[in-house]
Amino acid sequence: MADEQQYDYDVLVIGAGPGGYVAAIRAAQLGLRTACAESRETLGGTCLNVGCIPSKAMLHASELYDHAANGAMAKLGIKTQVELDLETMHGQRRDAVKQLTGGIEYLFKKNKVTWLKGRAAFQDAHSVSVGDQRVTARNIVIATGSSVTALPGVTIDQQVVVDSTGALELPRVPEHMVVIGGGVIGLELGSVWRRLGAKVTCVEFLDQILPGFDGDIRKESNKIFKKQGIEFRLSTKVTNVAVEGGKAVLTLEPAQGGEATTLEADCVLVSIGRRPNTDGLNLEAAGLATNQRGQVEIDHDFRTKVDGIWAIGDVVPGPMLAHKAEDEGIAVAENIAGQHGIVNHDVIPSVVYTWPEIAGVGLTEEVARERGEVKVGKFPMMANSRAKTNHEPDGFVKVIADAKTDRVLGVWCIATVGGTMIAQAAQAMEFGATSEDIAYTCHAHPTHSEAIKEAAMAVTGKPIHI
Ligand code: FAD
Ligand code: NAD
C-alpha cells in the first residue's frame, strides 16, 4: 500500500490483554489514532479474566481461610470457628474480575481507544477483518496472548479434568485433586484447593518443581509445599487419564521409563504450560509465519519481519508474564511513535503467589556460575526479626553477584511478602547496583526487606544477624 494512503487507524492492536490494552492506551496517549480488537466479551485478556487476577482472588481468600482453619490465627490469640462459604469466595473473585475489566473499558473511553469487538484475521499486511468489519491500519500490533497447552490424549471436560480456568471455578472442594505439572499454575491453584480441604498430589515430569527458578529455591519450595501437605510425584509422567462416573484414573510412568502405576482422583488439573495464540489469525496473508514453538519472532524493537507489523506479550518468545507483556506494550507504542521504547529482558521478576511467596529476578546461581565466577550471599527468614515475630520462619533470600565487579546478577527469595520484596532487587539491578550498594542502603526496621540487605551483606561475609 502506498505511503500516502489513508488508513482507518495509525495503530490497530489485536488482543486486549495486558500487552495489547497497555499498547493501545500508550499509543493513544502519544496522539495516535488507535483501535484494539478483542474477541472476548470483556477487556483485560487472560490476566484479568482467567489468569493473574482471579487466581490471586482465590489465593488471598484461601490463605485467610487456611490461617483461620489450621490454627495459625489461634497462635496469635484469635479464636475462630471456621466455615467455608465457597459461593461467596467465588463471588468476590468474580467481582474483582468485573471491576478490573470494567476499569480497562473506562480507560479505553478516557483515552479514546476504539474497541473493535470480534475476532481479528489478517487480510494483508495493513488490513484486518474483525467479525464482519474490515479495517486498515498503518501499524498492527499482534498481542494475541496464549492458551492452555493440552496433554495429548487427555480431554479437558471442565468437570473432572480441568484447565486453569476450570480450576478457578470448581463448585465444590475436590476430595483428591491431581495436578499435572509442578509449574506456577499447578502450585498456585493446587495450593488454593489444598487450603480449602482437598488432598493434592502434584505429578511433575522433571526431577524438581518450578523449572527456570534457582536450584536452591526449587528444592526449598518443594520441602515447604510437602510440609503443607501437597504430595509430589517427581520424575513422573502422566500417560493417560480415563474418566468414568465422575472419577478419573491416571496412568503414571517413571519419566525415564519403567512400570506404570495408577492414581485415582475426583479432579485433575492439567497445567503443563501455555502455547501462543495464532490460530485463525491468518498470518500468512500478512507474509508472516510462526517459529517451531508457534511464536511470532520479533527483533529488539518488537518489529516482525513485515514492515508495520509488530508483536508483544505471550505470543512472542520470552517468559509468559503479565508485567513483561505490559512493559512491551508501552515500548512498542513508543517505538511506533518514533520514540525509543526499551524493555530490559534481563531484569524481569517472577513471582509465585503461594504462602510463602517465591520470587526471583535475574540469573539463577546455576546459570551465573556457567557464565563466570560469582559470590553468593544467603540470609534465612528465620533470622529476620519481622518474619520471626509474625511466625513466618520459612524461606531465605539469596543474592548472586559477579565475583570481580560485585555487580548483582540475580536475587531470589522465599518469604511471605517475597513478591513485594523482589521489586527493590529489580530496581537495584536496573540501576547496575553492586551487592555493596544494597548492603549500604538503609532499610526500614522491622521489615522482611531487611533480609535482602543482610543477604547482600553476606555476599562479602558480613551479615549482622546470623
Ligand atoms: P493475553 O492476556 O492472553 O491476552 C490476549 C487477548 O487476545 C485475549 O483476550 C484473547 O481473547 C485476544 N485474542 C486472541 N486472538 C485474537 C484474535 N484473533 N482477535 C481478537 N482478539 C484475540 N502472569 C503474571 O505476571 N502474574 C500472575 O500472577 C499470573 N497469573 C496467571 C494465572 C493463570 C491461571 C494464568 C493462566 C496466567 C497467569 N499469568 C500471570 C500469565 C499472564 O496472564 C499472561 O502472561 C498475560 O496475560 C499475557 O498477556 P498478553 O497481553 O500477551 O495476552
Ligand atoms: P509452567 O511451564 O510453569 O509449568 C509446567 C510444568 O509442567 C513444568 O514443570 C513441566 O515440566 C511440567 N510438565 C510438562 N508436561 C508434563 C507432563 N506430561 N506430565 C507432568 N508434568 C509435565 O506452566 P504453567 O504452570 O502451566 O504456567 C503457564 C504460564 O503461565 C507460565 O509461563 C507462567 O509464567 C504463567 N503464569 C504465571 C504466574 C505468575 O506469574 N504467578 C501464575 C500462573 C501462570
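Counting starts at 1 for both ligands and their atoms, following the listed order.
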Polar proximity ligand 1 side, T46 side, N/O cut 3.5 Å exclusive: yes
- request: Identify the protein heavy atom lying closest to atom 45 (O) of ligand 1, giving its residue, its atom name and the separation to 0.1 Å.
  value: D314 OD1, 2.9 Å
message: Rounded at 0.5 Å granularity, tell me how far CD1 in I272 sits from CG in D163.
response: 11.0 Å
query: Is the closest N or O pair between R274 and ligand 1 shorter than 3.5 Å?
result: no
query: Is there any N or O on G19 that sits under 3.5 Å from an N or O of ligand 1?
result: yes
- prompt: Considering only the protein, which heavy-atom contact is closest to atom 8 (C) of ligand 1, and what is its distance?
  reply: E38 OE1, 3.5 Å
field: From the candidates S55, G273, G419, G318, the one that places a heavy atom nearest atom 26 (O) of ligand 2
entry: G273
query: Going from CD on Q158 to CG on L170, what distance comes out if it is rounded to the nearest 0.5 angstrom?
result: 9.0 Å
- line: Ranked by distance from atom 9 (O) of ligand 2, the top protein heavy atom is E204 OE1, 2.6 Å
message: Among all the protein's non-hydrogen atoms, which is closest to atom 1 (P) of ligand 2, and how far away is it?
response: G183 CA, 4.1 Å
query: Got the closest protein heavy atom to atom 25 (O) of ligand 2, with its distance?
result: I185 N, 2.9 Å
- request: Could you tell me which atoms of ligand 1, counted from 1 in the order shown, lie closer than 4.0 angstrom to a heavy atom of C47?
  value: 2 (O), 43 (O), 47 (O)
Residue pair E87, R94: steps toward the salt bridge (Lys or Arg N to Asp or Glu O under 4.0 Å) verdict: CA-CA 10 Å; E87 194 36 48; R94 283 189 287 264; 2.5 Å; yes
- line: Closest heavy-atom approach to atom 53 (O) of ligand 1 among A23, S39, S271, G145 is made by G145
field: Option whose closest heavy atom lies nearest to atom 4 (O) of ligand 1, chosen from G44, A16, G17
entry: G17
message: I'd like to know if P211 contacts ligand 2, where contact means a heavy-atom distance under 4.0 Å to any ligand atom.
response: yes
- line: Nearest heavy atom to atom 40 (C) of ligand 1, choosing from G45, C52, A325, G20, belongs to C52
statement: Paired with T262, the side-chain contact (heavy atoms from CB on, under 4.5 Å) test is passed by just one of L250, V249, L252, namely V249
task: Under 4.0 Å from a heavy atom of L281: give me the atoms of ligand 1 that qualify, with their elements.
output: 18 (N)
- line: Here the atoms of ligand 1 under 4.0 Å from any heavy atom belonging to S164 are 34 (C), 36 (C)
- request: Do me a favour and list the nearest non-hydrogen protein atom to atom 41 (N) of ligand 2 with residue, atom name and distance?
  value: V351 O, 2.7 Å
- request: Any chance you could measure T354, atom OG1, to L210, atom CG, to the nearest 0.5 Å?
  value: 8.0 Å
query: By number and element, which atoms of ligand 1 are closer than 4.0 Å to a non-hydrogen atom of A37?
result: 20 (C), 21 (N)
Atom 7 (O) of ligand 2: the protein heavy-atom neighbour that sits closest, reported with distance to 0.1 Å: G181 CA, 3.2 Å
- request: Give the numbers and elements of all ligand 1 atoms closer than 4.0 Å to a heavy atom of P18.
  value: 2 (O), 46 (C), 47 (O), 49 (O), 51 (O)
task: For residues 193-220, pull every pair meeting ring-ring contact (aromatic ring centres under 6.0 Å, His included), keeping only residues two or more places apart or in separate chains.
output: F213-W412
field: From G280, A120, G51 - option closest to atom 35 (C) of ligand 1 by heavy atom
entry: G51
message: Test your reading of the structure: does L168 have an N or O sitting under 3.5 Å from an N or O of ligand 1?
response: no
query: Relative to each other, are the rings of F225 and F232 parallel, tilted or perpendicular (30° and 60° limits)?
result: tilted
Subset of ligand 1 atoms that lie under 4.0 Å from at least one heavy atom of G313: 52 (O)
- prompt: ligand 1 and Y353, any nitrogen or oxygen pair closer than 3.5 angstrom?
  reply: no
query: Going by the order shown, which atoms of ligand 1 are within less than 4.0 Å of some heavy atom of K56?
result: 27 (C), 28 (O), 29 (C), 30 (N)
query: Got the closest protein heavy atom to atom 33 (C) of ligand 2, with its distance?
result: M320 O, 3.8 Å
- prompt: Any Lys/Arg nitrogen of E188 or K56 sitting under 4.0 Å from an Asp/Glu carboxylate oxygen of the other?
  reply: yes
- line: for atom 17 (C) of ligand 2, nearest protein heavy atom and its distance come out as I272 CG2, 4.0 Å
- request: Please determine which of T165, D314, N277 meets the side-chain hydrogen bond (donor to acceptor under 3.5 Å, both in side chains) test together with S147.
  value: N277
- request: Could you check T136, V128, V113, L116 and say which one makes a side-chain contact (heavy atoms from CB on, under 4.5 Å) with Y9?
  value: L116
- request: Work out whether the distance between some heavy atom of G118 and some atom of ligand 1 is less than 4.0 Å.
  value: yes
task: Give the numbers and elements of all ligand 1 atoms closer than 4.0 Å to a heavy atom of V50.
output: 34 (C)
